[in-house]
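Below is one structure, written out as structure tokens, with a few remarks after it.
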Amino acid sequence: LPISLAEMDGKGVSAGKIASNVQKKLTRAQEKVLQKLGKADETKDEQFEQCVQNFNKQLTEGSKLQKDLRAYLASVKAMHEASKKLTECLQEVYEPEWPRREDANKIAKDRK
């Protein structure tokens with residue numbers, strides 16, 4: 001349901017504010033059209049442009065870092081699995097009568 005201007009005025013939005021916002025949007029739209037047609041100069045904010053460049057550079061570098069960290073994590077997980085398999089293999093290879101068999105078992109338990 002549309003809200004009347006009188007109802008909006010009671011909610012803190014005045015007709016003057018609405019008219020001002022509409023005027024600003026119309027003026028901005030007109031300026032954009034003139035810029036596209038080459039009839040008006042486009043304003044540049046050098047500091048803003050520098051911030052946009054910095055943001056885009058950080059976004060690119062952040063994405064690369066994320067990709068590299070994922071690869072690193074996958075490598076760490078693979079190394080952990082390889083270490084567990086090696087420990088299991090050593091436990092199987094060590095004969096019960098071999099010296100220091102208990103030490104090998106203790107290391108295997110500590111790694112799990």
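Put simply, the side chain of Leu26 reaches to within 4.5 Å of the side chain of Val22, judged on heavy atoms.
Screening Lys24, Lys17, Gln23 for a side-chain contact (heavy atoms from CB on, under 4.5 Å) involving Ser20 leaves a single residue, Lys24.
Side chains of Glu31 and Thr27: no donor on one and acceptor on the other come within 3.5 Å. With 3.5 Å as the limit, one finds no donor-acceptor pair spanning the side chains of Gln58 and Asn54.
A donor-acceptor pair under 3.5 Å is absent between the side-chain atoms of Ser83 and the main chain of Met79, judged by distance alone.
Using a 4.0 Å cut-off between charged nitrogen and carboxylate oxygen, Glu81 and Lys84 count as a salt-bridge pair.
Sorted by first and then second residue, the pairs that involve residues 64-78 and meet salt bridge (charged side-chain N to carboxylate O under 4.0 Å, His left out), not counting sequence neighbours, are Lys64-Asp68.
Atom OG of residue Ser75 and atom NE2 of residue His80 lie 14.5 Å apart, to the nearest 0.5 angstrom.
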